[in-house]
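Here is how names work: the chains are called A, B, and so on, in the same order as the sequence lines, proteins then strands, and each is numbered from 1.
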Amino acid sequence: MFNNRIKIKTLLSGDAAGQQVTVMGWVRSFRNNQFIALNDGSTNNNLQVVVELGQLDEPTLKRITTGASLKITGQVVESLGKGQKLEVKATTLEILGDCDAEKYPLQLKNRPSLEYLREIAHLRFRTNTFGAIFRVRHALAFAIHEFFNKQGFVYLHTPIITASDAEGAGETFRVTTLPFDNPPRTAAGEIDFAEDFFGKSTNLTVSGQLEGELGAMAFSEVYTFGPTFRAENSNTTRHLAEFWMIEPEMAFYDLEDNMNLAEAFIKYLIGYVMTNNREDLEFLDQRLAEEEKQKPQAERSEMGLIEKLEFVLNNNFERITYTEAIRILLDSPAYKKKKFKYDVSWGIDMQSEHERYLVEKHFKKPVIVTNYPKDIKAFYMRLNDDGKTVAAMDILAPGIGEIVGGSQREERLEKLEGRMHDMHIPTEELNWYLDTRRYGAVPHAGFGLGFERIVLFVTGMTNIRDVIPFARTPKNCEF
RNA sequence: UCCCGAAUAGCUCAGUUGGUUAGAGCAUCUGACUGUUAAUCAGAGGGUCACAGGUUCAAGUCCUGUUUCGGGAGCCA
């Protein structure tokens, strides 16, 4: 600590009885004009602060409201009450910031809904649910860097503003300083981006992969972890216009190596949180169980949150080829009873219902699907010897769907140019990318993992807007 | 963007077949009590029934449009 207060988590987990301490935090509840439940965000557990009757004057007492911030000094003592081992007997109490109870929109005893809390996202961190979620989110971010650092990867910052959407990963947000009421025009009447800030049309990145590959061709192993932007009009529980993505890129890796890394990576993240955020996970586990109770029997999940995470940790991900996946679907009772809305045949891009069947009904664990038909995958994926499929791999997680998308990259120049030509991707703009295939090309692979999706999976939350502090979605850019 | 559903007090929700003055719990305020654990008990205040039209003697309730939100689908991470 760099100031003279003690964090509530430290206080509660240590043997501090008898010590004189200073604590600061926000009031969660004030009972009996005597007992303050104080929280400072270090843990969901509140510290009980006891003030003697008559110790404070009436006006001060009235200012101790839910949400008010306090500085308290006092002695740590064994609690007389049953709810907690330790409590602090206040000797001085200073109100740092008042909180008008009549106006404060976050009255915890009202059991506010997640939907309501999304509207007051600036205050929702002060709830147990969002406290737990964002401490877990932090831990996952930290674990990501720890994992790659241990493996000798270089953290590469790829650009946020780029000049092309060559990957075709989605609609982009345009970046420009041109006046939109009267932009400069070319002789042909089109907007003249030569006059723009960068002298060309630019947009926010939809992926750092192509730049990541450049780094991998020197450092062998790199990863990116940064914001990504897609201007798709997606209104779902698992899409954001601004999200965070992790994209490792490894030279000398084939598809198999790529899968091994991805699986070890996900398990590392889960394992990290299981040991370092136990209390928060237990809270989220309980929260999920409460929520499941509201659902009809048939819709309830079979496993609790912690149980699910342990299961994933202790079992290998199922690995099947696309062709096998299609065969399983065609042989499934669901298909034979015509339960699928969309038809199944080799060559289709699997629909959500198909992926859910494989993951949630058939295998009941994460599944890695490999070797997809080339026609439904991106140009940079390595063409297999059969000429029909590419060395792609998607990891599908129960309840979330696609959590990882990756592939071995096409390192053979002629084949890559051929694919780009077939898919009408201009090679001139990507000369810098093609240079990696001209000068010392090596087999390499990589994948992208949606950060918020892994946070969803680990916290058991179901709406992606609840696992990012301030969600950006179509028609919503508050805060 | 498409399909389905919703919008009533600060929050969570009821509101019957269209019928008189709009209901509850919690929160808030006032008072009581004082080792409480979402403290408890008593009382009080609090409503443009999302918005705009329409049907009707009469609309929170029926119809149309708009907005926002939720769930599902597509796009994907």
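Distances from the side chain of A:Y116 to the nucleotides B:C11, B:U34, B:U30 place B:C11 closest. Among the nucleotides B:G70, B:C29, B:A73, the one closest to the side chain of A:N463 is B:G70. Nearest to the side-chain atoms of A:K475 among the listed nucleotides B:C76, B:U68, B:G72 stands B:U68.
For B:C76, the base has a donor-acceptor partner in the side chain of A:R453 [N/O atoms by modelled type, under 3.5 angstrom]. Below the 3.5 angstrom threshold, one finds a donor paired with an acceptor across the side chain of A:Q48 and the base of B:U36.
Pair check for B:C26 finds B:G10; Watson-Crick or G-U wobble, both atom distances under 3.5 Å. Under the Watson-Crick and G-U wobble criteria, each requiring two contacts below 3.5 Å, nucleotide B:A77 is left unpaired. Pairing for B:U21 is absent, with no Watson-Crick or G-U wobble pair whose two atom distances lie under 3.5 Å. Across all strands shown, the partner of B:G5 is B:C69, judged by Watson-Crick or G-U wobble contacts whose two distances both fall under 3.5 Å. Taking a pair to require two hydrogen-bonding distances under 3.5 Å in either a Watson-Crick or a G-U wobble arrangement, B:U56 remains unpaired. Nucleotide B:A32 is matched to B:U40 when pairs are restricted to Watson-Crick or G-U wobble geometry with both distances under 3.5 angstrom.
Note that OG1 of A:T459 is 8.5 Å distant from CG of A:L140, once rounded to the nearest 0.5 Å.
Closest-nucleotide positions on RNA chain B for A:S29 and A:K89 were compared, and the one nearer the 5' end corresponds to A:K89. Nearest-nucleotide positions on RNA chain B for A:K82 and A:T462 put A:K82 closer to the 5' end.
Within the 4.0 Å cut-off from OP1 or OP2 of B:C75, not a single side-chain nitrogen or oxygen of A:S234 is found. Contact annotation: A:T66 does not reach the phosphate of B:A27 (side-chain N/O to OP1 or OP2, under 4.0 Å). Within the 4.0 Å cut-off from OP1 or OP2 of B:G74, at least one side-chain nitrogen or oxygen of A:Q351 is found. For A:K109, no side-chain nitrogen or oxygen approaches OP1 or OP2 of B:U28 to under 4.0 Å. Phosphate proximity of B:C26 to A:N110: absent, as no side-chain N or O sits under 4.0 Å from OP1 or OP2. Between A:N235 and the phosphate of B:C69, there is no side-chain N or O to OP1/OP2 separation shorter than 4.0 Å. Residue A:S207 places no side-chain N or O under 4.0 Å from the OP1 or OP2 atom of B:A77. Side-chain N/O atoms of A:R465 include none lying less than 4.0 angstrom from OP1 or OP2 on B:C69. Using a 4.0 Å cut-off, no side-chain N or O of A:R31 falls inside it from OP1 or OP2 of B:U34. Within the 4.0 Å cut-off from OP1 or OP2 of B:A73, at least one side-chain nitrogen or oxygen of A:R238 is found. For the pair A:S113 and B:C11, the criterion of a side-chain N or O lying under 4.0 Å from OP1 or OP2 is not met.
Taking atom CG on A:L61 and atom P on B:C29, their separation rounds to 13 Å, with Å as the unit. In this structure, the NE2 atom of A:H239 is 17 Å from the C1' atom of B:G70, given to the nearest Å. A:L106 places its CG atom 19 Å from the P atom of B:C26, with the value rounded to the nearest Å. Separating the CZ atom of A:R28 from the P atom of B:A39 is a distance of 12 Å, rounded to the nearest angstrom. B:C13 atom C1' lies 14 Å from atom CD of A:E115, rounded to whole Å. A straight line from CG of A:L449 to P of B:C76 spans 17 Å, rounded to a whole angstrom.
Across all strands, A:Y342 comes closer than 4.0 Å only to sugar-phosphate atoms, never to a base (heavy-atom distances). Across all strands, A:E87 comes closer than 4.0 Å to base atoms (heavy-atom distances). Within the nucleic acid shown, A:T228 has no heavy atom closer than 4.0 Å to any nucleic acid atom. Residue-level contact check: A:I403 touches the backbone only, with heavy atoms under 4.0 Å from sugar-phosphate atoms and none from bases. Looking at heavy-atom distances under 4.0 Å, A:G448 makes contact with sugar-phosphate atoms alone, never a base.
Using atom P as the reference point in both B:U64 and B:A22, the two lie 28 Å apart (nearest Å). Remark: the separation of the C1' atoms in B:U55 and B:U12 is 34 Å, to the nearest Å. Taking the P atom of each, B:G19 and B:A58 are spaced 14 Å apart, rounded to whole Å. Comparing the same atom, C1', in B:C29 and in B:U68 gives a spacing of 32 Å after rounding to whole Å. Taking the P atoms as reference points, B:U56 lies 23 Å from B:U17, given to the whole Å. B:G53 and B:A27: their C1' atoms are spaced 36 Å apart (whole Å). Rounded to whole Å, the separation between the P atoms of B:G65 and B:C3 comes to 12 Å. The same atom, C1', is picked in B:C49 and in B:U36; the two are 39 Å apart, to the nearest Å.
By the 4.0 Å N-to-carboxylate-O rule, A:E290 lies too far from A:R287 to be salt-bridged with it. In summary, A:R118 and A:E478 do not engage in a salt bridge, as defined by a charged side-chain N under 4.0 Å from a carboxylate O. At a threshold of 4.0 Å, the pair A:E279-A:K9 does not count as salt-bridged, since none of the basic side-chain nitrogens sits closer than that to a carboxylate oxygen. Between A:E249 and A:R409 there is a salt bridge, with a side-chain nitrogen of the basic residue lying less than 4.0 Å from a carboxylate oxygen of the acidic one. Remark: A:D254 does not engage A:R382 in a salt bridge, criterion side-chain N to carboxylate O under 4.0 Å.
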Fill in: salt bridge (charged side-chain N to carboxylate O under 4.0 Å, His left out) evaluation trace for A:E402 with A:R453
CA-CA 9 Å; A:E402 186 176 340; A:R453 290 197 179 167; 5.6 Å; no
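Put simply, the residue from A:Q209, A:R419, A:E213 that forms a side-chain hydrogen bond (donor to acceptor under 3.5 Å, both in side chains) with A:Y380 is A:Q209.
Taking the six-membered ring for Trp and thresholds of 30 and 60 degrees, A:F265 and A:F148 have ring planes inclined between 30 and 60 degrees apart.
Residue side chain A:F35 fails the stacking definition with respect to B:A39, as its ring centre and the base's six-membered ring centre are not both under 5.5 angstrom apart and under 30 degrees in plane angle.
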